[in-house]
Amino acid sequence: MTKSEVVARIRELKGKRNAVILAHNYQIGEVQEIADYVGDSLGLSQEAARVDAEVVVFCGVHFMAETAAILCPEKIVLLPDLKAGCPMADMINARELKEWRSRYPGRPVVCYVNTTAEVKAEADVCCTSSNAVRVVYSLPDDEILFVPDRNLAAYVARQTSKRIIPWDGYCYVHDRFLAADVLAGKREHPEAEVWVHPECRPEVIDLADRVMSTGSMVRAARETAIKEVLVGTETGILHRLRIENGQTMFYPLKADALCSNMKKITLRKVWEAMEEMKFKVEVPPGISQRARGAIEKMIAIEEV
Ligand code: 13P
Ligand code: SF4
């Protein structure tokens, strides 16, 4: 079947199944193009909660589909490839979190949305890369446990006066960016601004002009008049940035910064998922209810 035939089948199935397709900013271009909504983790979870559809086809990684399933228990959530996981989300499980937090009695746990539902169920409040600082500020406590990303934790710690106690997790894509990459990029493009994701190491963040979630990068691209930007995050974002702004040159800070998990979703798999109604992502009600509390607390902070 040709690509346009697959796209036509997907469009047909969207109506037939009353389905909506949500895609993360790191998805391959052709998947972003058939999506009804493309965004960052926060935008996707908010969109999942508000869409009026029976089926949500989630083009992203497993924890994102799980978040949608938690927020919309009445909808069917499909992930076109069950192997699309997030290695950082798997760096802590509920047992480890319970054991760790018992060593810091009374400290609240802020949990990055890049975690499994069972970890969210053990946390006090969730955050994403776009609202982590706001979430931490919203808590009355001076000492906060933060899981699982040590780099995001370090970024948040430097924006607040609170003591952030990090779990030692990291994103294998963002942790590979080094100060030397920024310096090399700047040598090649001395006029360029450097935009990086807060999952990058502190040494990279120190050299950046702006630190943003993928959603904020998209908004910044829409507004910027700067001629060149070096982009320090997964390269899938470049597709969207270039659509938003055809005047600015967007260069990857590292051409091989690829999240292989995000790239597991293809047009054909989206079509197969919709055709065969697979793979359903479901969260057991007990876990779902507790995890939902942590996510909704974050959304409430976001709406203040
Ligand atoms: P965003 O929330 O910025 O889209 O980040 C999600 C992610 O997985 C980054 O690696
Ligand atoms: Fe997880 Fe990193 Fe991939 Fe984001 S880019 S989904 S944090 S492995």
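As the structure is a prediction and not an experimental result, all values here were calculated from the model. Below, each value reflects all heavy atoms present in this structure, side chains not excepted, and no hydrogens, waters or symmetry copies. Atoms within a ligand are numbered from 1 in the order they appear, just like the ligands themselves.
Here the options are Lys254, His197, Lys263, the test is side chain to side chain donor-acceptor pair (under 3.5 Å), and the partner is Glu234; only Lys263 passes. Remark: of the listed residues Arg268, Lys264, Lys269, Lys269 is the sole one forming a salt bridge (Lys or Arg N to Asp or Glu O under 4.0 Å) with Asp81.
With respect to atom 5 (O) of ligand 1, the closest heavy atom belonging to the protein is His197 NE2, 3.3 Å. Looking at atom 10 (O) of ligand 1, its nearest protein heavy atom turns out to be Glu199 OE1, 3.0 Å. When only non-hydrogen protein atoms are considered, atom 8 (O) of ligand 1 lies nearest to Asn114 ND2, 3.2 Å.
Tyr251 meets the ring-ring contact (aromatic ring centres under 6.0 Å, His included) test with His189; sequence neighbours excluded.
By the 4.0 Å N-to-carboxylate-O rule, Glu30 lies close enough to Lys3 to be salt-bridged with it. In summary, Asp181 and Arg176 do not engage in a salt bridge, as defined by a charged side-chain N under 4.0 Å from a carboxylate O. Arg95 and Glu118 are not joined by a salt bridge, as no carboxylate oxygen comes within less than 4.0 angstrom of a charged side-chain nitrogen.
An N or O contact shorter than 3.5 Å is missing between Asp40 and ligand 1 by distance. Distances between N or O atoms of Ser213 and those of ligand 1 include no value under 3.5 Å. Taking distance alone, with nitrogen or oxygen atoms compared against 3.5 Å, Ser41 approaches ligand 1 more closely than that limit.
Aromatic ring pairs are classed by plane angle as parallel below 30°, tilted from 30° to 60° and perpendicular above 60°; the pair His174 and Phe177 is tilted.
Side chains of Asp40 and Thr214: no donor on one and acceptor on the other come within 3.5 Å.
The closest approach between any non-hydrogen atom of Thr128 and ligand 1 is not below 4.0 Å. Residue His174 places a heavy atom less than 4.0 Å from ligand 1. The closest approach between any non-hydrogen atom of Ser129 and ligand 1 is below 4.0 Å.
Under the 4.5 Å side-chain criterion, counting only non-hydrogen atoms from C-beta, Met298 is in contact with Thr128.
Under 4.0 Å from ligand 1, not a single heavy atom of Val173 appears.
Each of Tyr26, Val61, Cys86, Pro87, Met88, Asn114, Cys171, Tyr172, Glu199, Cys259, Met262 has a non-hydrogen atom positioned under 4.0 Å from some atom of ligand 2.
Side-chain N or O atoms of Ser138 include one that pairs as donor or acceptor with a backbone N or O of Val135 at under 3.5 Å.
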